[in-house]
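The block underneath contains the structure these notes are about, expressed in structure tokens.
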Protein chains: 2
Amino acid sequence: MELRQLRYFIKSAELLNFTEAAHSLYISQSTLSQQIKQLEDELGMPLFDRIGKRVRLTEAGSQFLPFARLTVSDAEGGRAVIDDLKGLKTGELRIGVTYGLSTLLTPVLVQFSAQYPEVKIIVEFGTSEDLLDKLKSTRVDFLLSFLELQDNDMFISQRLYESPLTLVVHPSNPVADKKSITIKDLKDIPLVLPAKGFHTRHFLNEALAQNNVQPNIKMELNDINTLLQLVETGNWCTIMTVAAAKGRQTLKTIPIKGLNIISQASITWPKESYRKKAAIVFTEMIKKQMK
Amino acid sequence: MELRQLRYFIKSAELLNFTEAAHSLYISQSTLSQQIKQLEDELGMPLFDRIGKRVRLTEAGSQFLPFARLTVSDAEGGRAVIDDLKGLKTGELRIGVTYGLSTLLTPVLVQFSAQYPEVKIIVEFGTSEDLLDKLKSTRVDFLLSFLELQDNDMFISQRLYESPLTLVVHPSNPVADKKSITIKDLKDIPLVLPAKGFHTRHFLNEALAQNNVQPNIKMELNDINTLLQLVETGNWCTIMTVAAAKGRQTLKTIPIKGLNIISQASITWPKESYRKKAAIVFTEMIKKQMK
DNA sequence: TTACATCCATTGATAAAACCGATTTAGAAA
DNA sequence: TTTCTAAATCGGTTTTATCAATGGATGTAA
């Protein structure tokens, strides 16, 4: 049993597809197949069921997976300790962030990178679910998101600030003159919205259904930047958190009366694993920046 | 970074001697040297200081060590889970036991081995300190000992029973007729005692010093079996827990008045790591056997 | 039903690396 | 100084991780 094999196993268990797993591990499919087999032989039990061309975890595989994750994560913790000892002169910092929080992130990225130029930063944008997955498999150090999860076995959250959902318009749009609108008004305003999977949509859908309002959705997309560019043409409006729209000076936010959705921005950490110094310093910068 | 290297590192850190470590790992000294170097290169920091021909842990090495231990221990936990899934039809059970508790152990060994013949049992006798070391580095699954440790970060104890220290004699010995003796009497009785390092000696020494008694120690040895054989010659007596002497029907135990040392037999587990089913079953047998 | 695409296992060859014995180097001891 | 000992280094051997190519099995589309 070697860490290499555990890494291969974890990736395979996640994708349940040897070919893809091999590809994402930058090894050949045959190598992966052999290494998995070798691991299985050593443990004396198959970790995967090969049913036809499909692959799924055996009972043994499911039971083994959390240990494999722990093992790899501890090893990475060890590496992080060493990196920390080098005084932030090295190492990587992987940040998972939801699109809506990029405006909060950017200035801190600049500041941190200037102060610790030796630390390589990898920013992963994604939906909350994607990111939580990445956090679980320790592919990011922490999360910046609107996830509101009750503390559980695996994660722990620190609250950052609250940001209400708001209508975002370009000054050239006819709606731009209003001081505020109501939920009912939404049925007449052409909207481009973040796609399903974004937390905004999740809450928005519920609120609209409760108020029995059919919104006039013209487009859905999963890239906030493009979405805001569309809004800047003046043809459509969108709905997102005030914080997310903040970065665009050309755009205007208009409160939506009766829409009581307040997103809770927070930092989410994996509960058990080692927190590298770079991550702690970075999150402290974020908190300070908010003041 | 591979588990192999972590294992090499841990052993080297424990022995602080590459040659010995290599020997106990059944690899050549040159291999060990190279693997450690490779690990250090990958981490970008030396883990050992080579001062002259000596080796000691660097700061980085000390910080890395617990992570290395965790990593290896988690991997072994994974293996144990798989073994458990095989329904005690395989796997190893490593028991650390102090000499004084062998009488408790033996019948359970027989019973367990009969019931689960496929499980390989390794029994490690040793002093409490030795065994605690082995427990720390997960070379045993649990400990059977007279250690009375307050629960801490690493270990957790379950009490088994109490056993007072007593004088052990052979019927042919002149002392054998007495119903009881006092601490003062000890200065005239020729004794063979367990060597330093045995918990018995530790407590006994304190009690004797407190009562200002110079015992008549003729011999010290670190093997309880041999010690009891010497007592069976009738030439000497010894002092140990009632439980430890229980196995020898030919010997007699005589209470020592004023000697208020009661040893607490207990099972000690590592706190965080996975408890294999075989270990749980075995300890349950021990508890049941005591009734 | 046939042809095709897809996925995992196997094979044979190659490059990498783990390993060893012998030697060198350098403190420590005599 | 010499001697001794422990770690590093060197050169060569064995092991093994890896790959490309291929085979076999299984869904899918024609």
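Chain A is the first sequence line, chain B the second, and so forth, proteins listed ahead of strands; every chain is numbered from 1. Quantities reported herein were computed from a predicted structural model and do not represent experimental measurements.
Atom CZ of Phe48(A) is separated from atom OG of Ser62(A) by 9.5 Å, given to the nearest 0.5 angstrom.
For dA6(D), neither phosphate oxygen OP1 nor OP2 lies less than 4.0 angstrom from any side-chain nitrogen or oxygen of Thr19(B). OP1 or OP2 of dA8(D) sits under 4.0 Å from a side-chain N or O of Ser33(B). For the pair Thr31(B) and dC19(C), the criterion of a side-chain N or O lying under 4.0 Å from OP1 or OP2 is not met.
Following rounding to the nearest Å, Leu3(B) (CG) and dT16(D) (P) show an atom-to-atom distance of 16 Å. In this structure, Ile51(A) atom CD1 and dT6(C) atom C1' are separated by 16 Å, rounded to whole Å. Atom-to-atom, CG of Leu25(A) to C1' of dA17(D) comes out at 14 Å; the value is rounded to the nearest Å. When rounded to the nearest whole Å, the span between CG of Asp41(A) and C1' of dT10(C) equals 14 Å. Taking atom CG of residue Asn17(A) and atom C1' of nucleotide dT26(D), one finds them 14 Å apart after rounding to whole Å. Rounded to whole Å, atom C1' of dA17(D) lies 18 Å from atom CE of Met1(A). Look at NE2 on His23(A): it is 12 Å from P on dC19(D), rounded to the nearest Å. The CG atom of Leu57(A) sits 13 Å away from the P atom of dC8(C) (whole-angstrom rounding).
Among the heavy atoms of the strands lying under 4.0 Å from Gln34(A) is at least one base atom, whether or not backbone atoms are also near. Arg54(A) comes within contact range of no nucleotide atom at all, as no heavy-atom separation falls under 4.0 Å. Within 4.0 Å of Tyr8(A), counting heavy atoms only, lie sugar-phosphate atoms of the nucleic acid but no base atom.
If you check dA22(C), dA21(D), dA18(C) against the side chain of Gln38(B), the one that comes closest is dA18(C). The side chain of Arg4(A) lies closest to dA17(D) when the candidates are dA17(D), dG21(C), dA7(D). Residue Gln35(B) places its side chain closer to dA18(C) than to any other of dA18(C), dC19(D), dT9(D). When the nucleotides dC19(C), dA7(D), dA9(C) are ranked by their closest atom to the side chain of Phe18(B), dA7(D) comes out on top. Distances were taken from every side-chain heavy atom of Ile27(A) (C-beta onward) to each of dC8(C), dC19(D), dC19(C); the shortest belongs to dC19(D). Side chain of Arg50(B), nearest nucleotide from dA7(D), dG21(C), dA17(D): dA7(D). Here dC8(C) is the nucleotide among dA8(D), dC19(C), dC8(C) with the atom lying nearest to any side-chain atom of Gln29(A).
With respect to the salt-bridge test (charged N to carboxylate O, under 4.0 angstrom), the residues Glu59(B) and Lys86(A) do not qualify. With respect to Lys134(A) and Glu14(A), no salt bridge is recorded, no charged nitrogen being found less than 4.0 Å from a carboxylate O. Ion pairing between a basic and an acidic side chain is recognised when a charged N comes within 4.0 Å of a carboxylate O; Arg94(A) and Asp141(A) show no such pairing. A salt bridge links Glu40(A) and Arg50(A); the closest N-O separation between the charged side-chain nitrogens and carboxylate oxygens is under 4.0 Å.
Aromatic ring centres of Phe9(A) and Phe64(A) lie closer together than 6.0 Å.
One cannot find a donor-acceptor pair under 3.5 Å joining the base of dA8(D) and the side-chain atoms of Ser30(B).
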